[in-house]
Amino acid sequence: MMVERAIISGGGSGGHIFPAIAIAEELKRRNPDIKILFVGANGKMEMEKVPAAGYDIKGLDIVGFKRKFAFSNFLLLFKILKSLKKAKDFIIEFKPQVVIGVGGFASGPTLRAANNLGIPTLIQEQNSFPGKTNKLLARGAKKICVAYPGLEKFFPADKIIYTGNPVRSEMVEIANKREEAFQFYNMNPELPTILIVGGSLGARTLNESIRGYIDVFKTEKVQVLWQCGKFYFPELSNELDLIDHTNVECVQFIARMDYAYAMADVIVSRAGAIAVSELALIGKPVILVPSPNVAEDHQTKNAMVLVNENAAVLVKDLEARNNLVPKALEILRNEKLSKELSQNILHFGKPQASSDIVDQIEKIIKNE
């Protein structure tokens, strides 16, 4: 059943926005004439990223509940009621066949309004530990597409479809790119390579874990491509200019993630849902350092799904400064461990996630 009109709602972070755009792209691939409207939260990054991807977006004045006592929590009820009314107006005006929620502040009012209007909804949950919004919306959803097994303890089992997370294909297509990748980054193809990915803003713990080992990389004949983030780059760049860092390439942002993945022998990353999903398709040895600054410690939960199957190595944030680089060097030296990690993580890869999710959307519309 062809989808002709759809609303996609959610955002707040790349972990919500990029899967949403990937779903939209698959919908559009199947029906180039489809009309898609995004609904996000005013002031959040989706209001910039979604138009940049070529889609229309409407904004709701909605924020999250602060865990600490704050006066803004008293105003939240009024913002929720106002957002419900506004979301209802968007839906009545746009007349979607289906509303898709990807998590984040805006998806709550939008999917609730859709349920009240009798419009079928689908939830896409990226993490192994669902957010509060998706747990509250599960009862009204027709289907819940999840990225990890075992979410029956959070959602109705008969609604769960294990699809994996949609990822941007250009990020994970690394076949036959290794040689051009080393040329692109002007690095030595003869040396083992560690890739450090701290996100676009950077990760202080990862940066501090690397800066103390600059001399070690040269001694060990290992090179590092280090994404430190735009916030930390000026300081670290000045620091590196004062020392011999020929084995370390420090960048604020990795423009060609496919090249970075292609030349890496070991990858160090946070354990955000989309990062983990990309890594499962890459099939390289991975060290995950979960961020402690996320709701419900969900990055540790994401990581442990892989770690329990010997598909990744966990280094806790508090221990990273002492243990991260030694662990990466250990994996580089241990061919058996490297091979096991590479093979095991591929079992979690879901390359058809976007297609499988859109299949479910089409079935929902057909059944309606």
### Task
Enter the distance from R139:CZ to K159:NZ here, rounded to the nearest 0.5 Å.
8.5 Å
### Query
Would you say the side chain of Q223 lies within less than 4.5 Å of the side chain of Y185, judging by non-hydrogen atoms?
no
### Query
If every non-hydrogen atom of I345 is compared with every non-hydrogen atom of S342, which pair is closest and at what distance?
CG2-O, 3.5 Å
### Crowding at CD, E152 (>12 non-hydrogen neighbours, <6.0 Å)
yes
### Task
First locate atom CE of M47, then atom CG of L60, and finally report the distance between them rounded to the nearest 0.5 Å.
8.5 Å
### Over all atoms of both residues, closest heavy-atom pair of F231 and P234
O-CD, 4.0 Å
### Message
Can you give me the closest heavy-atom contact between I17 and G11, atom names plus distance?
### Response
CG1-CA, 3.9 Å
### Task
Scan residues 110-121 for pairs that pass side-chain hydrogen bond (donor to acceptor under 3.5 Å, both in side chains), counting only residues two or more places apart or in two chains.
S9-T110, N115-T121
### Message
For S237, give me all partners under side chain to side chain contact (heavy atoms under 4.5 Å, CB included), at least two apart in sequence or on another chain.
### Response
F233, D241
### Message
Looking at S107 and G104, would you say the former's side chain and the latter's main chain have a donor-acceptor pair under 3.5 Å?
### Response
yes
Determine all donor-acceptor pairs shorter than 3.5 Å in which one atom belongs to a side chain in residues 307-317; sequence neighbours excluded.
unit_1, atom_1, unit_2, atom_2, d
N308, ND2, M304, O, 3.1
N310, ND2, E340, OE1, 3.2
D317, OD1, T205, OG1, 3.0
D317, OD1, R270, NH1, 2.8
D317, OD1, R270, NH2, 3.1
D317, OD2, T205, OG1, 3.1

#### Entry: Separation between CG of L337 and CD of E330, rounded to the nearest 0.5 Å
6.5 Å
### Summary
Sorted by chain and number, sequence neighbours left out, side chain to side chain donor-acceptor pair (under 3.5 Å) with R333 holds for E220
I'd like a table of donor-acceptor pairs (distance under 3.5 Å, sequence neighbours excluded) in which one partner is a side-chain atom from residues 49-59, with atom names and distances.
unit_1, atom_1, unit_2, atom_2, d
Y55, OH, E25, OE2, 2.5

### Message
For the backbone of S291 and the side chain of Q299, can you confirm whether one donor and one acceptor N or O come within less than 3.5 Å of each other?
### Response
yes
### Query
Between L236, I194, I196, which is the residue that forms a side chain to side chain contact (heavy atoms under 4.5 Å, CB included) with I210?
I196
### Query
Counting N and O atoms only, with roles assigned by atom type, does the side chain of E46 sit under 3.5 Å from a partner on the main chain of G12, one being a donor and the other an acceptor?
yes
Would you mind writing out the side-chain donor-acceptor pairs for residues 360-368 within the sub-3.5 Å range, not counting sequence neighbours?
unit_1, atom_1, unit_2, atom_2, d
E362, OE1, R30, NH1, 3.0
E362, OE2, R30, NH1, 3.4
N367, ND2, K363, O, 3.3
E368, OE2, K142, NZ, 3.4

### Qualifying residues under side chain to side chain contact (heavy atoms under 4.5 Å, CB included), relative to K35, sequence neighbours excluded
R5, F94
## Note on the structure
D61 meets the side chain to side chain contact (heavy atoms under 4.5 Å, CB included) criterion, sequence neighbours left out, with N42, K82, K86
#### Entry: ring-ring contact (aromatic ring centres under 6.0 Å, His included) pairs, two or more places apart, involving residues 152-178
F129-F154
### Message
Using the rule given for side chain to side chain contact (heavy atoms under 4.5 Å, CB included), can you reason through L279 versus L288, listing the C-alpha separation, both sets of side-chain angles and the distance that settles it, and then say yes or no?
### Response
CA-CA 10 Å; L279 295 168; L288 296 173; 4.1 Å; yes
### Message
For Q126 versus Y148, what's the shortest heavy-atom pair and its separation?
### Response
O-CE1, 3.4 Å
#### Entry: CG/N176: more than 12 non-hydrogen atoms of other groups inside 6.0 Å
no
### Query
Taking it one step at a time, do I282 and V172 satisfy side chain to side chain contact (heavy atoms under 4.5 Å, CB included)?
CA-CA 6 Å; I282 296 300; V172 297; 4.0 Å; yes
### Close side-chain approach of P96 and L37, heavy atoms under 4.5 Å
no
### Query
Once you round to the nearest 0.5 Å, how far does CG of N247 lie from NZ of K218?
7.0 Å
## Note on the structure
I243 meets the side chain to side chain contact (heavy atoms under 4.5 Å, CB included) criterion, sequence neighbours left out, with I214, L240
### Message
Any side-chain to backbone donor/acceptor pair from D265 onto P192? Under 3.5 Å, distance only.
### Response
no
### Task
For N302 and G272, work out which heavy atoms get closest and say how close.
ND2-C, 4.0 Å
### Query
Got I100 and I357 here, is their nearest side-chain heavy-atom distance under 4.5 Å?
no
### Working for side chain to side chain contact (heavy atoms under 4.5 Å, CB included), residues L329 and V216
CA-CA 10 Å; L329 294 173; V216 174; 4.0 Å; yes
### Task
Give a yes or no on whether the backbone of I144 and the side-chain of E125 come within a donor-acceptor separation of less than 3.5 Å.
no
#### Entry: Distance (rounded to the nearest 0.5 Å) between T193 OG1 and K284 NZ
9.0 Å
### Task
Would you indicate whether the side-chain heavy atoms of T133 and L111 approach each other to under 4.5 Å?
no
### Query
Considering only heavy atoms from C-beta outward, does the side chain of M257 approach that of E170 to under 4.5 Å?
no
#### Entry: Donor-acceptor side-chain pairing of N165 and Q124 below 3.5 angstrom
yes
### Task
Heavy atoms only: give me the nearest I274-P166 pair and the separation to one decimal.
CD1-O, 4.3 Å
### Task
Using side chain to side chain donor-acceptor pair (under 3.5 Å) as the criterion, list what pairs up with Y259, not counting sequence neighbours.
E180
### Message
Under the rule for ring-ring contact (aromatic ring centres under 6.0 Å, His included), what residues qualify as partners of Y213, not counting sequence neighbours?
### Response
none
### Within 6.0 angstrom of E319 CD, more than 12 heavy atoms from elsewhere
yes
### Task
To the nearest 0.5 Å, tell me how far L346 CG sits from L341 CG.
11.0 Å
### Test item: S128 side-chain N/O and K301 main-chain N/O as donor-acceptor pair under 3.5 Å
yes
### Query
With a 4.5 Å limit on heavy-atom distance, are the side chains of L84 and K88 in contact?
no
### Message
Is the shortest side-chain heavy-atom distance between V3 and N31 below 4.5 Å?
### Response
no
#### Entry: Side chains of W226 and R211 in contact at under 4.5 Å (non-hydrogen atoms)
yes
### side chain to side chain contact (heavy atoms under 4.5 Å, CB included) between E296 and K132, intermediate numbers included
CA-CA 10 Å; E296 312 287 356; K132 287 184 172 65; 2.7 Å; yes
